[in-house]
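We use all heavy atoms of the structure for the numbers below, so side chains are in, but hydrogens, waters and symmetry mates are not. Position 1 is the first residue of the sequence, and the numbers go up from there.
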Amino acid sequence: MRSLAAFPALLALLATAATGVVPERASAQRDPANAVPVTREEAPPAEVDEVPSVMEVSADDAGLDAVANPVAFFVDARLTGDVTAMEIYRPGFRFWGHVFSRPDGEVVYGSAESGELVAAFPTNGDWIRQGWWSDEQFAARVGDRPMPSRLSDRRDLLAEVLEPVAGPVIHNPTRGNFVSPNVERFGRFLDEWGRIYERFGVPADLGLSQAMIESGFSGEVRSEARAIGFCQWLPHNWERLDRLTSHVIEVENQTTQAAFCGAYLAVLASKYGSFIPALSEHHAGSTNVGRTVINGTRLGGEDIRDRYLLGGQFAVDVRQLSPRTFSDVVGTYGPRSYRYAEMILGNMHTVADLRAAQPQTEIHAMRVTRDVSLSEVVRTTGLSENEVKRYNPALVRRVPKGATLYLPDQIDSFGADVAFWHRPAPAEFDEVLLDFFRLGAPLEEWDAPAFESVLQDYRRRFRATDSEEGRVMDAVLGYVVQEMPLLHRQLSEYRTDPEIGQLFERGIQLRADEEQRQRQERR
């Protein structure tokens, strides 16, 4: 196994951190790329009744009017419900903290019932002699048996050998090198970015965990599909948002991105009443998640978390059994979509440890009223070009008029202070945000054309707060409104199409047959 000695001490600390044990109820899939069906008994709907629904949190029931920060109280209740649901359906979700806190070059195995690390092996090397085991009985189980040369086959074989003694396992290559260079360069800003997420009702560690998994905290990283930065939005989406704002958006600056990423996640969480499907929609798209929730409703799910998690399991199961047959039922919702929210919730502790492990510094923001050159910023501040670009990765030669310049100190000559996260939220903004979170409208209403008027009214109310955060929410809601007509048409057809209904029933039967076959094999 590769030594951690050459890796940053920060990641070595994270790699050995305890993950904690959660209830041993549901069995997870072994691997996103090799999912197999599980039975309904492994995540019974009756148990989901224990998960608190954020829709039930009202001012009368929870005393929101009496608490010091009702927005934070409401968001905490939402996150608590999400973590509880994950512990029931995906109790191994904390395993993903190992994946993103250990250096590249390993394949790690974790318990799907607790998330604890079971074994680790070098990607290229002798798995029998160079592996690490949490328990020697696991090593004895493997013994000296020959291992396939093809990595994917080797991973699958080891999982099959381990599961009789270790229980269900999850395995994945490590991704720590995706994160570590940016932690070194930008880690001091995590608290500031976390405050931006919190202003929009998104827990800091949740929002930052998504940013870590999407971009490794880089503002400049681009995917094969050309998605940009922090939360990996496509250029045309940023262009649409830019047209909806009164200032210039430079999308490669993480501090700019964090506000829009947080606001968008806040809107989706209000739509679903849960961060779990909200995160998944950010990754898989609204139509895929809409189908997933509809399928979960057909499976008997009682609340949104139940519906989404049951529907996600169904999608992965039928794709594994017959990928082409059920494409019209599950769309492009695949193994990574299934694991996406799980990975983010499972890395909240990773982010918390990163924040605690190094000193933090403030980021100040100035809205420039003229073009400001890089050389002028260097001359005025006394900072090096490299340090200025640490705060402003988008800055090459100049900050364009109407954009935002980020620095360690406020310099009034560059423009007005727009670092809203350094000030308490305006009471008017929090009032509108809380009302928005308490909408509680059914998903069918969100998907209907008539709901546009509701969102437009909230746009007006957020604008009326005359605040930076209000203007961000206004723009993001405008973006969501533009998406509604297509989404309504697609999901309306999906709900009512008899052929889809028949195909869904066929998937139910095929999955039941597979479950019966597996039970017979275990006898």
Side-chain angles (χ1 to χ4, degrees), residues 26-45 48 82 85-86 88-93 96 112 168 170 172 268 271-272 274-346 443 447 487 490-497 499-515 518:
S27 173
Q29 306 298 340
R30 292 184 311 188
D31 181 84
N34 299 287
V36 295
V38 298
T39 62
R40 284 289 298 277
E41 287 80 6
E42 290 172 317
V48 181
D82 289 341
M86 200 60 73
I88 291 171
Y89 277 95
R90 313 273 185 84
F93 70 101
W96 297 100
I170 318 169
N172 209 79
L268 296 182
K271 172 182 176 179
Y272 291 106
S274 165
F275 289 111
I276 295 172
L279 288 164
S280 186
E281 177 167 323
H282 177 101
H283 167 74
S286 53
T287 304
N288 279 324
V289 174
R291 289 186 182 120
T292 302
V293 171
I294 292 168
N295 290 339
T297 304
R298 290 168 172 166
L299 289 164
E302 295 185 9
D303 82 345
I304 186 61
R305 301 176 179 95
D306 188 9
R307 294 168 193 161
Y308 171 75
L309 291 166
L310 286 174
Q313 185 66 66
F314 174 80
V316 170
D317 288 350
V318 297
R319 281 176 64 93
Q320 176 69 15
L321 291 167
S322 184
R324 294 183 180 179
T325 303
F326 299 99
S327 60
D328 289 341
V329 173
V330 301
T332 57
Y333 185 98
R336 182 171 170 82
S337 303
Y338 173 84
R339 292 291 192 193
Y340 186 74
E342 180 181 331
M343 288 191 289
I344 291 168
L345 286 163
L443 286 179
D447 298 336
L487 178 64
Q490 290 173 331
L491 293 185
S492 294
E493 292 172 355
Y494 187 84
R495 286 188 177 95
T496 58
D497 188 334
E499 292 184 3
I500 292 292
Q502 292 170 8
L503 197 56
F504 174 81
E505 292 299 327
R506 182 178 172 187
I508 291 290
Q509 185 59 54
L510 186 64
R511 189 169 71 159
D513 292 344
E514 176 63 18
E515 290 169 357
Q518 290 183 6

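- Of the N and O atoms on the side chains of Asn295 and Tyr494, at least one donor lies less than 3.5 Å from an acceptor on the other residue.
- Nearest heavy-atom pair across Gly334 and Val316 is O-CG2, 4.4 Å.
- Within a 6.0 Å sphere centred on CZ of Arg506, heavy atoms belonging to other residues, nucleotides or ligands number 12 at most.
- The ring-ring contact (aromatic ring centres under 6.0 Å, His included) analysis of residues 296-321, with sequence neighbours excluded, yields the pairs Phe314-Phe504.
- Atom CD of Gln320 sits about 13.0 Å away from atom CZ of Arg511, to the nearest 0.5 Å.
- Taken from OG in Ser280 to CZ in Arg339, the straight-line distance is 13.0 Å, to the nearest 0.5 Å.
- Here CD of Gln313 is found 6.5 Å from CZ of Arg90. Values are rounded to the nearest 0.5 Å.
- Looking at Gln509 and Glu505, their side chains never bring a donor and an acceptor atom within 3.5 Å of each other.
- Nearest heavy atoms, Pro277 versus Ile304: CG-CG1, 4.1 Å.
- For the pair Arg305 and Tyr89, the NZ or CZ position fails the cation-pi test of under 6.0 Å to the six-membered ring centre and within 45 degrees of the ring normal.
- Under the 3.5 Å distance criterion, with hydrogens and angles disregarded, a donor-acceptor pair is assigned to the side chains of Glu281 and Tyr272.
- Ser337 meets the side-chain contact (heavy atoms from CB on, under 4.5 Å) test with His283, Ala284, Tyr333; sequence neighbours excluded.
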For this session: For the pair Leu345 and Ile276, evaluate side-chain contact (heavy atoms from CB on, under 4.5 Å) and give the outcome as yes or no after the intermediate values.
Result: CA-CA 9 Å; Leu345 286 163; Ile276 295 172; 4.0 Å; yes
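- We find the CG-CD1 distance between Leu299 and Ile294 to be 12.0 Å, quoted to the nearest 0.5 Å.
- Taking the side-chain contact (heavy atoms from CB on, under 4.5 Å) definition, one finds that Ser492 meets it with His488, sequence neighbours left out.
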For this session: Let me see the working for Phe275 and Ile344 under side-chain contact (heavy atoms from CB on, under 4.5 Å), right down to the final yes or no.
Result: CA-CA 10 Å; Phe275 289 111; Ile344 291 168; over 6 Å; no
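- Inter-residue side-chain proximity for Arg291 and Thr287 is flagged as met; some heavy-atom pair is nearer than 4.5 Å.
- In this structure a side-chain-to-backbone donor-acceptor pair under 3.5 Å is missing from Asp82 to Ser274.
- Closest heavy-atom contact between Trp96 and Glu342: NE1-OE2, 3.0 Å.
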For this session: Before giving the answer on side-chain contact (heavy atoms from CB on, under 4.5 Å), spell out for Val318 and Val329 the whole-Å C-alpha distance, their side-chain angles and the decisive distance to 0.1 Å.
Result: CA-CA 9 Å; Val318 297; Val329 173; 5.6 Å; no
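- The structure places CG of Leu268 at 9.0 Å from NE2 of His282, a figure rounded to the nearest 0.5 Å.
- Closest approach of Arg319 to Pro335, counting heavy atoms only: NE-CD, 4.3 Å.
- What you find for Arg307 and Gly301 is that their closest heavy atoms are NE-O, 3.2 Å.
- A pairwise comparison of heavy atoms in Leu487 and Asp447 identifies CD2-OD1, 3.5 Å as the closest pair.
- To the nearest 0.5 angstrom, Thr325 atom OG1 is 8.0 Å from Leu510 atom CG.
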